Amino acid sequence: MYAQEGEREDSSAAGAGRGGLPAASRSALRGVAVRRLLALRGRGGLTSSHVRVAADALGVSERTVWRWLAEAGRDERAADEPGARAQTSTRFTITPEVRGLLALWKGNVRAVHRELVLRAARQSPHGGAPSLTTLHRAIRRDLTPGERAGLAGGERAARKHDVFLARPRLWRNHVWETDHKQVPVLVDVDGKARRPWITWFTDCATNAITGVAVTPVHPSRESVLSALRSAVLREDPYGPIGGLPEKVRVDRGKDFLSRTVSAAFDLLDVTVEDLPAYTPHLKGTVEGLNRAVESMFLAALPGYARQPRPGKRASSPKDEVLLDFEDFTARLLAWTSWWNTEHQPAPLRGRTPLEAWQDDPTPLRDVPATDLWTFTLEDAGTRTLTTRGIRFKKRDYVGAWMTGQAGIQVRVRFMPHHDHRIEVYQAATGRYLGPADLADQATDEQISAVRRARAARSRRLKKDLEASQRERYAAVNQPEAPRRLGALTTVQAGAEIAQLAGTALSALAMPDLIPPAAPPADWRTPPSLVTRTAPGRPSPVPSEPAPGRPPGPAEQTTEDGDAS
């Protein structure tokens, strides 16, 4: 056994060369060794023993080292890479033209080579394009892996080859990160299969999920405010994790930067850090959470659909009973609790987010639930409380506390998209008065009937528009202009144009149908306008003029007894 180990050691030393170093290390040390020998020769202290030691360490002969010194004496640049093959001016390199072709053909080297061959043939009958092997070699030599990936797949593919620094973990509630995520799970929402959205906040120091909100459709500022309330409150059922953070990182989402959300952060004394676009690595904590929830939780749910390619829809699973929205939300909140109390992320070194949170002695800033509710509402200005309640968005809102309060000035605040209720405050002092509910609110059956009618109308309109705009073209097998199908006779075309013309309001307008009335007789009307007016209507004849007053112009009669 010992003999075999010795044999392996001898063979590895032989593979490393006479210098006992790997080939890559010997190549890297060539320039350093030659520059050191040149410095010794410049001081007059270079001897054959120095060259012999360098040759033995680099795994080359003494003659080779002397040749490197001679080349470096003639050209200082030769000392940077001793022994490197001399570059000829005819070597093919990647030019901006080739980079543009690689981007055009999405990294397809064979297609780029065909394009180069065609261009070279047009410029010179003898050609001049590089071979496919030469092109591959030049791409590997002149382009980095990130550049090659970026030319083939875009910025996101190139970012996978970048190096990112890790932020230091400071203290709890120092920085939060927030984001929206559309889950790849189809959920039954009122009989329709939809992919819900998750809005959550996470603490960067402890990896804890501080707050979460789920919406069946695309989220809005209401989702952000709801998740923020659940993140700040530390009462049941939100748990011990929470409080006000010092800073929140967002990624330029319009919901996170809306006026209402920005005002809530300002009132809560929270700094918002707006990150540049397309920089998910700058909020790596929440992005890591987005990836973890899919692989650790969502992939096992019924209705899971893998993330589609860009521009494609997620395929609907077949023969699978979907979760309803309530059940999905309950499971997600249970997983969130498991993440905070049982899961042990690698950066926490064997601790759960809750343990890391409790081990941190940093003081917390709490906000009462009533004040937090006020801060996270949108202001709608002042209104006057009338006997019909408060008029808001062309609807009346009433509350039991309004009895005897008609005539006062109030300030209305509301949760976005929750138009069934508003919160009312006294305009002068800001004192909370109470909620107000929508008066004469429709029943659930009426709302469902209206939604069904709207959906049927939308489907019918969409079908009519598609039928009127659908065009068919003839299939071709030779280069020619597109040829529309569907023949019309002259009579059919004229009838359809006439029918469409009758529906245009501008065509139906007839300003000269009823000409203006004739002006009074004592006016001096231009002759050109007299023919464009209607004859005057007969004026009523008064029964008897007032005593002592001459008859007016309207009371003077003609010989026929008609009023002039």
Side-chain angles (χ1 to χ4, degrees), residues 173 176 178 199 201 210-211 213 215 219-238 242-248 250 253-274 363-442 447:
N173 282 356
W176 285 3
T178 180
T199 304
F201 289 83
T210 57
T215 51
S220 63
R221 60 188 186 277
E222 183 265 340
S223 308
V224 180
L225 295 175
S226 179
L228 178 62
R229 281 197 304 272
S230 67
V232 173
L233 291 178
R234 298 197 300 127
E235 306 170 353
D236 291 337
Y238 304 108
L244 284 178
E246 299 179 20
K247 183 190 297 184
V248 173
V250 300
K254 63 178 182 179
D255 302 326
F256 299 102
L257 299 178
S258 63
R259 181 181 59 183
T260 304
V261 177
S262 299
F265 282 130
D266 292 340
L267 293 173
L268 296 172
D269 191 22
V270 176
T271 304
V272 178
E273 183 180 357
D274 184 16
L364 300 176
R365 296 190 300 162
D366 291 325
V367 180
T370 55
D371 295 346
L372 182 62
W373 172 256
T374 303
F375 290 153
T376 53
L377 293 177
E378 186 167 342
D379 195 305
T382 58
R383 300 287 193 278
T384 300
L385 179 59
T386 66
T387 56
R388 299 182 58 182
I390 298 175
R391 191 71 174 174
F392 176 63
K393 292 186 177 180
K394 300 181 180 181
R395 294 184 293 185
D396 295 324
Y397 290 80
V398 296
W401 58 269
M402 294 182 179
T403 304
Q405 301 279 354
I408 66 173
Q409 293 291 319
V410 297
R411 179 169 291 275
V412 176
R413 298 178 68 88
F414 68 100
M415 175 60 65
H417 310 297
H418 287 238
D419 50 3
H420 63 284
R421 170 174 290 192
I422 59 176
E423 304 294 333
V424 186
Y425 299 79
Q426 198 169 20
T429 63
R431 182 173 61 89
Y432 179 64
L433 297 177
D437 296 319
L438 181 64
D440 192 22
Q441 187 173 358
I447 295 175

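Everything quoted here is computed from the prediction, not taken from an experiment.
Shown here are the salt bridge (Lys or Arg N to Asp or Glu O under 4.0 Å) partners of E273, two or more places apart in sequence or in another chain: K247, R249. Listed by chain and residue number, Q426, R431 satisfy the side-chain contact (heavy atoms from CB on, under 4.5 Å) test with T429 (two or more places apart in sequence, or in another chain). When the salt bridge (Lys or Arg N to Asp or Glu O under 4.0 Å) test is applied to R411, the partners found at least two apart in sequence or on another chain are D379. With sequence neighbours excluded, no residue forms a side-chain contact (heavy atoms from CB on, under 4.5 Å) with A428. Taking A436 as the reference, Y397, M402, I422, V424 meet the side-chain contact (heavy atoms from CB on, under 4.5 Å) condition, with sequence neighbours excluded. Residues passing the side-chain contact (heavy atoms from CB on, under 4.5 Å) test with P368, sequence neighbours excluded: T370, D371. The side-chain hydrogen bond (donor to acceptor under 3.5 Å, both in side chains) check on D366 picks up R234, with sequence neighbours excluded. With sequence neighbours left out, D266 forms a salt bridge (Lys or Arg N to Asp or Glu O under 4.0 Å) with no residue at all. Evaluation of the side-chain hydrogen bond (donor to acceptor under 3.5 Å, both in side chains) rule for T178 yields no partner, not counting sequence neighbours. Taking T382 as the reference, nothing meets the side-chain hydrogen bond (donor to acceptor under 3.5 Å, both in side chains) condition, with sequence neighbours excluded.
Using a distance-only test at 3.5 Å, with no hydrogens or angles considered, no donor-acceptor pair links the side chain of W176 to the main chain of A231. Formation of a donor-acceptor pair under 3.5 Å by the S230 side chain with backbone atoms of A227 is found in this model. A distance-only check finds a donor-acceptor pair linking the side chain of R383 to the backbone of A380 [under 3.5 Å].
Under the 4.5 Å side-chain criterion, counting only non-hydrogen atoms from C-beta, L244 is in contact with V367.
Taking each heavy atom of T199 and S223 in turn, the nearest pair found is OG1-CB, 3.8 Å.
A donor and an acceptor atom, one from each side chain of T271 and E246, are nowhere located under 3.5 Å apart.
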